[in-house]
Number of protein chains: 2
Amino acid sequence: MTQRKLTPRGRERRNQVMLRAAELFAEKGYHPTSVSDIVTSLGVGKGVFYWYFENKEELFAEILRGAHTDLRRRQRVAIGDEPDPLRRIEAGIRETMRWFHEHRDSFSLLLFAATDERFAPVLRRNQEVAIDDTVRHLKDAIVAGQIPDQDPQTLARAVIGVLEKLAHSCLIERDEPLDATTDAAVAFCLHGLTGPR
Amino acid sequence: MTQRKLTPRGRERRNQVMLRAAELFAEKGYHPTSVSDIVTSLGVGKGVFYWYFENKEELFAEILRGAHTDLRRRQRVAIGDEPDPLRRIEAGIRETMRWFHEHRDSFSLLLFAATDERFAPVLRRNQEVAIDDTVRHLKDAIVAGQIPDQDPQTLARAVIGVLEKLAHSCLIERDEPLDATTDAAVAFCLHGLTGPR
DNA sequence: GCGCGGATTGACCGGTCGGTCAAGTGGCCG
DNA sequence: CGGCCACTTGACCGACCGGTCAATCCGCGC
């Protein structure tokens with residue numbers, strides 16, 4: 001049911017279910033993972049799931065929201081009060097790659113959600129927020145004359161595309177560290193943004 | 001069954017099924033689309049499906065292979081015998097974006113396949129081929145001194161990331177034309193590759 | 001016109017899925 | 001101690017899924 005009263009014990013259980021569900025979704029995929037899979041792997045009855053969540057879809061949407069919120073908070077902290085817009089962007093890029101690395105489960109869930117029309121509404125809103133975050137710094141950089149005047153939304157999406165693809169390739173396809181790749185991503189994106197100096 | 005003898009009529013029917021399946025997969029997603037959905041929407045019995053295909057998974061893999069083969073052929077034609085490596089890359093980028101636009105169904109299927117561990121083997125091989133295509137031109141460009149010496153695989157992936165993200169945003173999220181975005185993608189990628197001039 | 005074999009039908013099957021719910025359990029508070 | 005209520009159980013349900021197959025169709029070569 002929706003909006004249930006939860007004791008501390010209940011809240012902990014709810015978290016358990018969310019965490020395990022995220023693991024299984026990342027491992028086997030959203031659709032192939034059944035509610036029975038989730039509860040069985042926790043050794044609890046199926047009623048537990050439906051006590052804490054409306055259904056499978058709502059649970060997944062909540063995992064997505066949580067992941068996005070966490071990533072955004074991390075970016076905000078990493079950027080701090082750096083005055084130079086380009087340096088803010090670089091800090092954001094590096095922190096994003098670090099987050100992808102630390103939360104590769106959530107990362108792969110975000111990638112999947114982008115391909116499923118069912119979760120498009122949730123994800124679209126998340127992404128627009130993320131893009132607006134970046135766009136703000138891009139506009140500052142344009143005003144400061146650091147990068148030529150172009151559509152900042154498109155630029156922001158290009159940067160995100162680079163990060164997602166490189167992280168996907170390193171973390172999910174090849175299971176390699178991100179350090180060297182992060183430097184390459186930063187260089188590629190910054191030059192892509194600034195154009196011919 | 002595997003490798004059946006097919007009359008011309010049979011080959012046409014097979015194509016019908018593949019095309020409609022691709023549409024439905026792109027529209028509703030792979031998992032939520034049942035074999036019954038496919039045959040019912042064609043107004044034929046379920047046996048038709050299993051006459052031409054081993055199962056749902058094999059059909060999807062074949063759609064993927066077909067899409068990849070077609071895209072690669074188009075890129076090869078577009079590049080022609082252009083001698084300048086950077087210009088070859090630009091031609092490849094533009095043709096890729098055009099293909100994404102003309103085959104947005106196949107495009108969204110490729111994106112989904114990248115997130116599903118089940119199709120990773122098929123897709124991985126496809127992608128490696130696509131990356132090697134690009135890497136060859138990148139190495140030429142490095143030798144020619146047009147771009148600094150960096151890992152060409154990473155560069156190729158970065159470029160593909162930009163294209164996929166921008167195309168996804170225009171074609172699937174917002175249903176907008178690609179022309180202006182393609183120019184932006186070309187500029188971003190070329191500058192990202194060449195670095196500070 | 002007959003028969004062969006590619007092509008088609010759709011009822012049927014075992015299994016699984018998401019989701020329900022009546023029946024408990026146990027910790028806490030009065 | 002008693003009763004309340006957050007929490008848990010797991011059998012159960014109807015729907016649907018991927019896949020099978022015996023029966024039938026039908027175009028074509030002979």
Side-chain angles (χ1 to χ4, degrees), chain A residues 1-25 27-64 109 112-113 116-119, chain B residues 1-25 27-64 109 112-113 116-119:
Chain A
M1 292 289 173
T2 349
Q3 260 347 63
R4 224 180 252 292
K5 275 181 154 191
L6 294 184
T7 65
R9 176 170 152 244
R11 246 167 296 158
E12 202 181 329
R13 177 69 97 185
R14 201 182 131 96
N15 267 347
Q16 274 180 23
V17 176
M18 271 186 63
L19 280 179
R20 175 56 55 89
E23 282 174 27
L24 291 178
F25 288 155
E27 189 184 318
K28 307 204 310 169
Y30 170 76
H31 292 292
T33 301
S34 68
V35 176
S36 298
D37 287 339
I38 298 168
V39 294
T40 307
S41 91
L42 283 169
V44 301
K46 197 186 269 195
V48 168
F49 184 94
Y50 289 98
W51 178 259
Y52 293 107
F53 301 96
E54 196 74 17
N55 51 48
K56 200 174 117 175
E57 194 169 331
E58 200 235 38
L59 160 69
F60 188 72
E62 185 156 341
I63 292 176
L64 288 183
L109 263 34
F112 160 75
D116 192 314
E117 207 52 43
R118 197 191 303 225
F119 300 109
Chain B
M1 290 291 170
T2 347
Q3 256 354 57
R4 222 181 253 292
K5 276 180 153 193
L6 291 185
T7 65
R9 175 168 152 245
R11 247 167 294 154
E12 202 181 327
R13 176 69 98 189
R14 201 183 132 97
N15 267 346
Q16 276 181 22
V17 176
M18 270 186 66
L19 280 178
R20 175 57 53 89
E23 282 174 29
L24 291 177
F25 288 156
E27 189 184 318
K28 307 202 312 169
Y30 170 76
H31 292 291
T33 300
S34 68
V35 175
S36 299
D37 288 339
I38 297 169
V39 292
T40 307
S41 91
L42 283 169
V44 301
K46 198 187 268 195
V48 168
F49 184 94
Y50 289 98
W51 179 257
Y52 293 107
F53 301 96
E54 196 75 15
N55 52 48
K56 201 175 117 176
E57 195 168 330
E58 199 236 37
L59 160 69
F60 188 72
E62 185 156 341
I63 292 176
L64 288 183
L109 262 37
F112 160 74
D116 191 317
E117 207 53 43
R118 194 190 307 222
F119 300 110

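Chain letters run A, B, ... following the sequence lines, proteins first and then strands; every chain starts at 1.
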Presence of [X] side-chain N/O under 4.0 Å of [N] phosphate oxygens OP1/OP2:
X: A/Trp51; N: D/dT8; answer: no
X: B/Arg13; N: C/dT8; answer: yes
X: B/Thr7; N: C/dA7; answer: yes

Is there any salt bridge (charged side-chain N to carboxylate O under 4.0 Å, His left out) pair reaching into residues 38-48 of chain A, and which pairs are they, with sequence neighbours excluded? none

Protein proximity profile, nucleotides 10-30 of chain C - base contact B, sugar-phosphate-only contact S, no contact -, cut-off 4.0 Å on heavy atoms: B------SBBBB---------

Over how many whole Å does the gap from B/Leu6 atom CG to C/dT8 atom C1' extend? 14 Å

Under the rule for salt bridge (Lys or Arg N to Asp or Glu O under 4.0 Å), what residues qualify as partners of B/Arg20, not counting sequence neighbours? B/Glu23

Can you list everything that forms a salt bridge (Lys or Arg N to Asp or Glu O under 4.0 Å) with A/Arg13? Sequence neighbours excluded, please. none

Are B/Arg14 and B/Val17 packed together at the side-chain level, in the sense that at least one heavy-atom pair is separated by less than 4.5 angstrom? no

What residues, two or more places apart in sequence or in another chain, satisfy side-chain hydrogen bond (donor to acceptor under 3.5 Å, both in side chains) together with B/Thr7? none

Set of ring-ring contact (aromatic ring centres under 6.0 Å, His included) partners for B/Phe119, sequence neighbours left out: B/Tyr30, B/Phe60

